[in-house]
Protein chains: 2
Amino acid sequence: MTIRDRQYALDDVSRAIIEQLQEDGRRPYARIATAVGLSEAAVRQRVQRLVDAGVMQIVAVTDPLHPGFSRQAMVGVRTSGDVRAVADTLAALPEVDDVVITSGSLDVLAEVVCEDDDQLPDVVARIRAVEGVTSTETFLYLGLRRQTYARGTPHRGPLSAVPEE
Amino acid sequence: MTIRDRQYALDDVSRAIIEQLQEDGRRPYARIATAVGLSEAAVRQRVQRLVDAGVMQIVAVTDPLHPGFSRQAMVGVRTSGDVRAVADTLAALPEVDDVVITSGSLDVLAEVVCEDDDQLPDVVARIRAVEGVTSTETFLYLGLRRQTYARGTPHRGPLSAVPEE
DNA sequence: GGTGAAAGCTAATAGGG
DNA sequence: CCCTATTAGCTTTCACC
């Protein structure tokens, strides 16, 4: 068992540190320390542990629909046999940037990034050729309405209402 | 028109800088400068511009399936009328962390994060109650196989082959 | 847009509770 | 697992190209 697999219980301080870094990944440890009520060294240790444990990463993320970039799509996959084997194979494709195993009418969701439109059918064909893939469904990205980086960190507070019109 | 909307053409140097920061968002500018062949000050300016233009953010991202976190699902939505209005409404829900407008058999993909399993049906109900939503399909996340942060930055190089078994 | 150098701050380390 | 203190290194700002 590597350190990456070990469970790490998150207390409120670690959550607060994560929130700080979700706002700005380069925020100085000293400023985070003041915000969460710890010393600078303690914050750095916690960040180190969180990253080592695989709980968090600090990285650059780009706007997927920026003109300088590329065409993107979600490919839903139905499988026969072991879903995990299929998911692993898809995850190994360099054009695939995200693979999730799901329950529902699709077994795997694979997010695909291409350099241009022409490449997409090719990537989809490659996905369909994978052993265990029975069918696919492609959802081309037309617009992004929201992209938070709080993936995995739930909204705290009362359940939301549907905003009035 | 705000600066965020302005187009920003990406040259190879900016791409290289983004790649560096996708590996480690806290990598010192001095090290990035050596890697991409610019001065430290120039790198910092470029990063600033990329962030100001909305091309890139440097943030903490968490493992959505870590035990310390929560239940996550993708909710596919079919709509009538203006998809964008629906997407905007969904994006305003705090439990929704990602909203993409797509072409295909689903019009919108909304990624949802809940504190626990009980909350999920509630959030889905709230989505179904949105004006213009005709039906939804929920894909509960069971496992994550891959999560890169190269979203939007396509793989460079020859098209991949399906890995051999 | 790019450079280079000085000044101020931040990060990493070591030592101790 | 947290703190303080020190040193090395990073970031920032500026004048200049």
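Chain naming here is simple, since letters A, B, ... match the order of the sequence lines and numbering starts at 1 in each.
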Rounded interatomic separation in angstrom, taking OH from A:Y29 and C1' from C:dA11:
8 Å

Heavy atoms from C-beta onward define the side chain here; which of D:dT11, C:dT3, C:dT13 lies closest to that of B:E40?
D:dT11

Measure from CZ on A:R44 to P on D:dA8 and round the result to the nearest Å.
16 Å

If you pin B:S39 and A:R27 to their nearest nucleotides in DNA chain C, which one's is more 5'?
B:S39

Taking it one step at a time, do B:R84 and B:D88 satisfy salt bridge (charged side-chain N to carboxylate O under 4.0 Å, His left out)?
CA-CA 6 Å; B:R84 292 167 301 179; B:D88 287 338; over 6 Å; no

Among D:dT13, D:dC10, D:dC2, which nucleotide sits nearest the side chain of A:A42?
D:dC2

Within the pair B:R31 and D:dT11, is there a side-chain N or O less than 4.0 Å away from OP1 or OP2?
no

To the side chain of B:Q45, which of C:dG1, D:dT13, D:dC3 is closest?
C:dG1

Taking the side chain as C-beta and beyond, is there a heavy-atom pair between A:V47 and B:R26 under 4.5 Å?
no

Would you kindly give the CZ-to-P distance between A:R46 and C:dA11, to the nearest whole Å?
17 Å

For DNA chain D, produce a single dot-bracket line, 5' to 3'. Pairs: Watson-Crick or G-U wobble, both distances under 3.5 Å. Symbols: ( ) within strand, [ ] crossing, | other strand, . unpaired.
|||||||||||||||.|

Please name the pair of heavy atoms, one in A:Q22 and one in B:V59, separated by the smallest distance, quoted to 0.1 Å.
O-CG1, 3.2 Å

Look at the side chain of B:R49 and decide which nucleotide, out of C:dG2, D:dC10, D:dT13, has an atom nearest to it.
C:dG2

Please report the shortest heavy-atom distance between B:F139 and A:S105, naming the atom on each side.
CE2-OG, 3.4 Å

Position toward the 5' end of DNA chain C (nearest nucleotide), B:R26 or B:V13
B:V13

List the steps, then state whether side chain to side chain donor-acceptor pair (under 3.5 Å) holds for B:R78 with B:S135.
CA-CA 5 Å; B:R78 290 184 197 81; B:S135 67; 2.9 Å; yes

At 4.0 Å (heavy atoms only), tell me whether A:A30 reaches a base, stays on the sugar-phosphate, or touches nothing.
sugar-phosphate

Distance in angstrom units between A:I32 CD1 and C:dT10 P, rounded:
11 Å

Length of the CG-P vector between B:L38 and D:dC17, whole Å
20 Å

Would you mind telling me which of A:V77, A:V75, A:D107 makes a side chain to side chain contact (heavy atoms under 4.5 Å, CB included) with A:V133?
A:V77

D:dC10 C1' sits how many Å from B:Q20 CD, rounded?
16 Å

Please assess A:S160 against B:E95 for the test side chain to side chain donor-acceptor pair (under 3.5 Å), listing each intermediate value before the final yes or no.
CA-CA 7 Å; A:S160 65; B:E95 293 90 354; 2.6 Å; yes

